[in-house]
Amino acid sequence: MRKRLVVALSGGVGGAKLALGLSRVLPADELLVVANTGDDFEHLGLSISPDIDTLTYTLAGIDNPATGWGRRDETWSFMDSIGALGGEDWFRLGDRDLALHVERTRRLRLGQTLSEVTSDICRRLGIGARVLPMSDDRVRTRVRSERGWIDFQDYFVRQQCRPVVHELAFDDVALARPQAEIAAALRSGDVRAVIVCPSNPFISVEPILAIPGMRDAIKASGAPVVAVSPIIGGQAVKGPTAKMMRELGLEASAAGVAARYGDLLDGYIVDHADADGVGHVGPQVTIAKILMKTLDDRETLARVTLDAADALASQR
Ligand code: GDP
């Protein structure tokens, strides 16, 4: 019988683009998006989950295409007011976006899990696919730069990724368990493909893979694992992926990303611009247009990725 479930590992901006494509070419009950929560933090007394929120807004069609984060048609009265009072305004929270953080925080304080809150909010916003945090346990990405260890959002937003990254750590990851529905899905024998979205390997995908048991569960699912490169022509489309690779002493290239994922990958989708550099990588390579500008680009790349996975499955 045909296997049905597609499990997509995702960070924020790049991951959500492909997740949207997948959500439009798959029936809703066949897609499970695993969101990185290493970027989560507490700010102004609120529990903020940036990658879950980018996925939620994108899949609900209310994302802000100009920024890549936050909601569209946003207003900024809260930010302007808190700034005028001398409060913290380095992490931008729009008025509509703020409502989500306030509501999530309220429910978490009542004892609901992050999965329960996320699932309900997705349902209320009309999202059919499942979006789940990688774990309901707290994991926090930290960055070691020239001035020692700093919190992820301090690095990413407050310091605009300027510090040189020497090392990354995922605090408390050793104590975290894979989210229960994700673990059950991977065990179900019904996984058609595991897709590693074109997200930052170090800060979006590796926190997911670092959860004890996650990498093994992905392998043991028996499904082909196919990644889409976040690097095009040796550069990141957005964000610090290429800069981080250089700072960590790695080759900033599509091939470098594949090398980093190692034997996790069975298939790898790279851009025409990188076709020459990937001859020696381990996974089976598919060359495609992987820059997603339009909705059509997102859907086409989703189909290419699924076709690559299906082809790999049929070779087994
Ligand atoms: P973050 O958590 O918001 O940083 O988002 P992600 O980690 O999911 O995405 C960041 C990565 O997405 C960067 O490495 C970008 O190069 C990549 N990216 C953004 N847009 C595209 C695109 O259209 N195509 C591909 N292949 N990668 C993209």
Side-chain angles (χ1 to χ4, degrees), residues 8-22 33-41 48-59 63-70 91-92 131 133-134 139 141 143 152-153 155-157 160-161 165 168 170 195-209 226-248 250 252-258 260-261 268-275 278 285-302 304-305 308:
L9 315 185
S10 177
V13 178
K17 286 186 185 175
L18 185 62
L20 178 62
L22 289 165
V33 184
V34 178
N36 166 45
T37 57
D39 299 6
D40 291 14
F41 75 130
I48 300 183
S49 297
D51 287 354
I52 289 179
D53 295 345
T54 298
L55 281 162
T56 303
Y57 293 147
T58 302
L59 293 176
D63 57 306
N64 183 334
T67 54
W69 52 268
F91 192 88
R92 308 286 296 159
V131 178
M134 62 190 197
V139 177
T141 298
V143 176
F152 179 73
Q153 295 299 347
Y155 162 77
F156 200 70
V157 178
Q160 305 276 304
C161 306
V165 175
L168 292 151
F170 311 124
I195 296 183
V196 181
C197 288
S199 290
N200 185 313
F202 312 100
I203 53 179
S204 292
V205 180
E206 288 185 359
I208 302 175
L209 298 175
V226 178
V228 177
S229 173
I231 298 283
I232 301 179
Q235 291 181 345
V237 180
K238 197 173 181 213
T241 305
K243 172 177 181 281
M244 233 178 222
M245 291 186 90
R246 287 189 293 271
E247 290 167 356
L248 292 168
L250 305 168
S253 66
V257 172
R260 181 75 183 189
Y261 287 136
Y268 192 43
I269 319 286
V270 302
D271 198 79
H272 297 279
D274 301 298
V278 287
V285 171
T286 303
I287 312 288
K289 174 175 182 283
I290 66 166
L291 181 63
M292 294 171 279
K293 286 194 173 156
T294 64
L295 195 52
D296 196 44
D297 292 340
R298 288 158 172 74
E299 290 177 13
T300 305
L301 184 55
V304 166
T305 309

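No hydrogens, no waters, no symmetry mates; every other heavy atom, side chains included, goes into these values. Atoms within a ligand are numbered from 1 in the order they appear, just like the ligands themselves. Residues take their numbers from the sequence shown, with the count starting at 1.
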(Q) Is there a side-chain contact (heavy atoms from CB on, under 4.5 Å) between M244 and N200? Walk through the geometry before answering. (A) CA-CA 9 Å; M244 233 178 222; N200 185 313; 3.9 Å; yes

(Q) Please determine whether side-chain contact (heavy atoms from CB on, under 4.5 Å) holds for the pair L291 and D297, giving the CA-CA distance in whole Å, both sets of side-chain angles, and the decisive distance to 0.1 Å. (A) CA-CA 7 Å; L291 181 63; D297 292 340; over 6 Å; no

Q: Ignoring hydrogens and angles, tell me if any N or O in the side chain of Q160 forms a donor-acceptor pair with the backbone of V157 under 3.5 Å.
A: yes

Q | Nearest neighbour in protein (non-hydrogen) for atom 17 (C) of ligand 1 | A | P198 O, 3.3 Å

Q | Where ligand 1 meets S204 - atom numbers and elements under 4.0 angstrom, heavy-atom basis | A | 2 (O), 6 (P), 7 (O)

Q: Ignoring angles and geometry beyond distance, decide whether G14 reaches within less than 3.5 Å of ligand 1 through its nitrogen or oxygen atoms.
A: yes

(Q) Out of all atoms in ligand 1, which are within 4.0 Å of some heavy atom of G12? Include the element for each. (A) 1 (P), 2 (O), 3 (O), 5 (O), 6 (P), 8 (O)

Q: Describe, in one word, how the ring planes of F156 and F152 are oriented to each other, choosing from parallel (under 30°), tilted (30 to 60°) and perpendicular (over 60°).
A: parallel

Q | Proximity of P230 to ligand 1 by residue part, where a heavy atom lies under 4.0 Å | A | both

Q.
For ligand 1, which is the ligand I care about here, please tell me if F156 has any N or O atom under 3.5 Å from one of the ligand's N or O atoms.
A. no

**Q.** Shortest non-hydrogen separation from V270 to A254 and the atoms involved
**A.** CG1-CB, 4.0 Å

Q: Check each of V257, V13, I231, L301 against atom 5 (O) of ligand 1 and report the one with the nearest heavy atom.
A: V13

Q | Under 4.0 Å to a heavy atom of D51 - the qualifying atoms of ligand 1, by number | A | 2 (O)

Q.
Using a 4.0 Å heavy-atom cut-off, which part of N200 comes near ligand 1: side chain, backbone, both, or neither?
A. both

Q: Could you pull out the closest heavy-atom pair between A236 and I231, with the gap in Å?
A: N-CD1, 4.0 Å

Q | Per-atom contacts of ligand 1 with K238, taking only distances under 4.0 Å to non-hydrogen atoms | A | 13 (C), 14 (O), 15 (C), 16 (O)

Q: Measure the distances from the heavy atoms of T54 to every atom of ligand 1 and state whether one is below 4.0 angstrom.
A: no

Q | Those atoms of ligand 1 less than 4.0 Å from some heavy atom in G15 | A | 8 (O)

Q: Determine whether V196 and V228 make a side-chain contact, defined as any pair of heavy atoms from C-beta on separated by less than 4.5 Å.
A: no

(Q) I'd like to know whether ligand 1 has S10 as a neighbour, heavy-atom separation below 4.0 Å. (A) no

Q: Specify side chain, backbone, both or neither for K293, according to which of its non-hydrogen atoms lie closer than 4.0 Å to ligand 1.
A: neither

**Q.** Heavy atom of the protein closest to atom 23 (O) of ligand 1 (residue, atom name, distance)
**A.** M292 N, 2.8 Å

(Q) Please determine whether side-chain contact (heavy atoms from CB on, under 4.5 Å) holds for the pair T54 and D63, giving the CA-CA distance in whole Å, both sets of side-chain angles, and the decisive distance to 0.1 Å. (A) CA-CA 7 Å; T54 298; D63 57 306; over 6 Å; no

Q: Before signing off on this row, confirm whether V228 and ligand 1 have an N or O atom pair separated by under 3.5 Å.
A: no

Q. Starting from atom 28 (C) of ligand 1, which protein heavy atom do you reach first, and at what distance in Å?
A. V237 CG2, 3.6 Å

Q: Name the closest protein heavy atom to atom 14 (O) of ligand 1, giving the residue it belongs to and the distance to 0.1 Å.
A: T241 OG1, 2.5 Å

(Q) Tell me the closest heavy-atom pair linking D274 and I232, and the distance in Å. (A) OD2-CA, 3.4 Å

Q | Closest heavy-atom pair and its distance - P230, P201 | A | CG-CD, 4.1 Å

Q.
Go through it in stages, so that I can follow the logic: the residues are Y261 and L209, the test is side-chain contact (heavy atoms from CB on, under 4.5 Å), and I'd like the CA-CA distance, side-chain angles, deciding distance and then a yes or no.
A. CA-CA 10 Å; Y261 287 136; L209 298 175; 4.3 Å; yes

Q. Do L291 and ligand 1 have an N or O pair less than 3.5 Å apart?
A. no

Q. For ligand 1, which atoms sit closer than 4.0 Å to a heavy atom of A236?
A. 16 (O)

Q: Taking all heavy atoms of S204 and all of N36, pick out the closest pair and write down the distance.
A: O-CB, 3.2 Å

Q. Closest non-hydrogen protein atom to atom 24 (N) of ligand 1, residue and atom name please, with distance?
A. I290 O, 2.7 Å

(Q) Can you report which non-hydrogen protein atom sits closest to atom 26 (N) of ligand 1, along with the distance? (A) S229 O, 2.8 Å

Q. Between A16 and ligand 1, is there a nitrogen or oxygen pair with a distance under 3.5 Å?
A. no

Q. So, for K17 and M292, which heavy atoms are closest and what is the spacing to 0.1 Å?
A. NZ-O, 3.4 Å

